[in-house]
Amino acid sequence: MSYHSGNHLIDPQELFKKSRVQEGMHIADFGCGRTGHIVFPGSKIVGERGVVYAVDILKDVLENIRRRAALESIHNIETVWANLEQSQGVTISPKTLDIAFFINVLFHFKDYNVALDEAKRILKPKARIVVVDWTMRLSNLGPDVGEELVDFEKISQWAQENNFIVQDTCDAGAYHRCMILFRHE
């Protein structure tokens, strides 16, 4: 079976390189989506000693990820139902993650501080948050007309207030911006 990866818009390998994903890490894709764009290629990098948490609010999305992982005999993917707009809404244990990915997710929220706070709660002391979101709409993809794009200045402000530094900012394809935050506690 063939799966659409979405790599023509955002290259996950480039994100893994920039965020320094390595074997044995525990990473999470918040708002993983139906294709597992980060989940499946990430599972290969973290290997058998690592874990990839596929996090989403849509149960059918998580079931698709679960079925594909079983079909491909991938054993280091765990699906997690969560509401990212709720404090304590993610059931991953605190201080578990090395990297949290938010790919095309934060534009859905009016206040993305709650989602970032939730990632902070479950990150290890020296860990990263990777935010990639739209800088402009592409045909029928991205934010609806009238929806606001993610304000990366607000994310930078959140980082400063929460003991993170902005490690890197860059374009992630023609329609996206990437910001990598490093927790330095």
Side-chain angles (χ1 to χ4, degrees), residues 1-16 19 21-124 127-134 140-144 147 150 172 176 178 181:
M1 181 176 249
S2 154
Y3 294 93
H4 171 56
S5 67
N7 290 356
H8 64 283
L9 288 177
I10 300 169
D11 181 357
Q13 299 302 328
E14 190 62 30
L15 294 179
F16 297 149
S19 61
V21 175
Q22 298 174 11
E23 187 174 347
M25 284 187 160
H26 290 218
I27 66 173
D29 184 6
F30 291 95
C32 64
R34 208 167 297 285
T35 64
H37 179 72
I38 296 296
V39 173
F40 290 99
S43 72
K44 292 177 183 172
I45 295 173
V46 301
E48 292 179 17
R49 294 181 337 192
V51 177
V52 177
Y53 296 93
V55 181
D56 211 290
I57 195 166
L58 300 174
K59 292 181 180 177
D60 65 318
V61 163
L62 297 173
E63 184 56 31
N64 284 347
I65 298 289
R66 202 176 0 261
R67 267 191 255 133
R68 180 176 169 192
L71 184 66
E72 295 181 17
S73 297
I74 301 171
H75 305 290
N76 63 349
I77 295 173
E78 293 186 25
T79 57
V80 178
W81 181 89
N83 182 349
L84 295 175
E85 291 185 284
Q86 181 179 11
S87 182
Q88 307 282 318
V90 181
T91 58
I92 300 170
S93 297
K95 300 186 187 309
T96 297
L97 296 181
D98 296 291
I99 303 174
F101 289 90
F102 289 94
I103 312 297
N104 289 338
V105 172
L106 294 183
F107 79 88
H108 291 292
F109 304 134
K110 288 194 187 323
D111 178 11
Y112 24 86
N113 287 350
V114 176
L116 294 170
D117 288 343
E118 196 58 6
K120 175 186 169 190
R121 183 181 68 79
I122 55 182
L123 283 171
K124 293 176 181 175
R128 290 176 177 80
I129 295 175
V130 178
V131 176
V132 176
D133 226 303
W134 296 93
N140 62 343
L141 298 174
D144 288 330
E147 278 188 299
V150 168
H176 295 87
C178 173
L181 309 176

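Excluded from the calculations below are hydrogen atoms, water molecules and symmetry mates; all remaining heavy atoms, backbone and side chain alike, are included.
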Might you point out which heavy atoms bring [X] and [Y] nearest each other, and give the distance in Å?
{"X": "Ala115", "Y": "Phe102", "result": "O-CZ, 3.6 Å"}
{"X": "Leu62", "Y": "Ala54", "result": "CD2-O, 3.3 Å"}
{"X": "Cys32", "Y": "Val61", "result": "SG-CG1, 4.1 Å"}
{"X": "Asn76", "Y": "Gly47", "result": "ND2-O, 2.8 Å"}

*Where do Val130 and Cys178 land on the side chain to side chain contact (heavy atoms under 4.5 Å, CB included) test, with the steps shown first?*
CA-CA 7 Å; Val130 178; Cys178 173; 4.2 Å; yes
_Does any part of the side chain of Phe101, heavy atoms only, come nearer than 4.5 Å to the side chain of Ser19, both counted from C-beta?_
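Yes. Closest side-chain heavy atoms under 4.5 Å.
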*Check whether any side-chain heavy atom of Leu84 lies under 4.5 Å from a side-chain heavy atom of Val90, and answer yes or no.*
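Yes - at least one pair of side-chain heavy atoms lies under 4.5 Å apart.
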_Under the salt bridge (Lys or Arg N to Asp or Glu O under 4.0 Å) definition, can you give me all pairs with a residue in residues 99-109, not counting sequence neighbours?_
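Matches after skipping sequence neighbours: none remain.
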*How far apart are the C-alpha atoms of Asn104 and His176, what are their side-chain angles, what is the distance that settles it, and do they pass the side chain to side chain donor-acceptor pair (under 3.5 Å) test?*
CA-CA 9 Å; Asn104 289 338; His176 295 87; 2.9 Å; yes
Qualifying residues under side chain to side chain donor-acceptor pair (under 3.5 Å), relative to [X], sequence neighbours excluded:
{"X": "Thr79", "answer": "Arg66"}
{"X": "Lys44", "answer": "none"}
{"X": "Asp117", "answer": "Trp158"}
{"X": "Asp60", "answer": "Arg34"}

How long is the straight-line distance from [atom2] of [Y] back to [atom1] of [X], given to the nearest 0.5 Å?
{"X": "Ser43", "Y": "Glu72", "atom1": "OG", "atom2": "CD", "result": "8.0 Å"}
{"X": "Ile77", "Y": "Arg68", "atom1": "CD1", "atom2": "CZ", "result": "8.0 Å"}
{"X": "Phe30", "Y": "Ile129", "atom1": "CZ", "atom2": "CD1", "result": "8.0 Å"}
{"X": "Leu58", "Y": "Ile65", "atom1": "CG", "atom2": "CD1", "result": "11.5 Å"}
{"X": "Glu118", "Y": "Leu123", "atom1": "CD", "atom2": "CG", "result": "10.5 Å"}
{"X": "Ile103", "Y": "His37", "atom1": "CD1", "atom2": "NE2", "result": "7.0 Å"}

*What pairs of residues pass the side chain to side chain donor-acceptor pair (under 3.5 Å) test when at least one of them lies in residues 86-99, not counting sequence neighbours?*
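Non-adjacent pairs meeting side chain to side chain donor-acceptor pair (under 3.5 Å): Asp98-Lys124.
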*By side-chain contact (heavy atoms from CB on, under 4.5 Å), which residues pair with Glu23, not counting sequence neighbours?*
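For Glu23, the residues satisfying side-chain contact (heavy atoms from CB on, under 4.5 Å) (neighbours in sequence not counted) are Arg49.
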*Listed by chain and number, what are the side-chain contact (heavy atoms from CB on, under 4.5 Å) partners of Gln13, not counting sequence neighbours?*
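Expected list: Asp11, Phe16, Pro41, Ile45.
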*Please say which of Val52, Asp56, Val55 ends up in a side-chain contact (heavy atoms from CB on, under 4.5 Å) with Val39.*
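Testing each of Val52, Asp56, Val55 against Val39, the sole residue satisfying side-chain contact (heavy atoms from CB on, under 4.5 Å) is Val52.
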*Give the C-alpha distance, both sets of side-chain angles, the deciding distance and a yes or no for side chain to side chain contact (heavy atoms under 4.5 Å, CB included) between Val46 and Val51.*
CA-CA 7 Å; Val46 301; Val51 177; over 6 Å; no
*asked:* Before you tell me yes or no, could you show the steps for Tyr112 and Asp133 under side chain to side chain contact (heavy atoms under 4.5 Å, CB included), namely the whole-Å CA-CA distance, both residues' side-chain angles and the distance that decides it to 0.1 Å?
replied: CA-CA 12 Å; Tyr112 24 86; Asp133 226 303; over 6 Å; no
*Pairs touching residues 46-100 that satisfy ring pair (Phe, Tyr, Trp, His ring centres under 6.0 Å), sequence neighbours left out*: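 Matches after skipping sequence neighbours: none remain.
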*Should Glu63 and Lys59 count as an ion pair when the cut-off is N to O under 4.0 Å?*
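Salt bridge: no.
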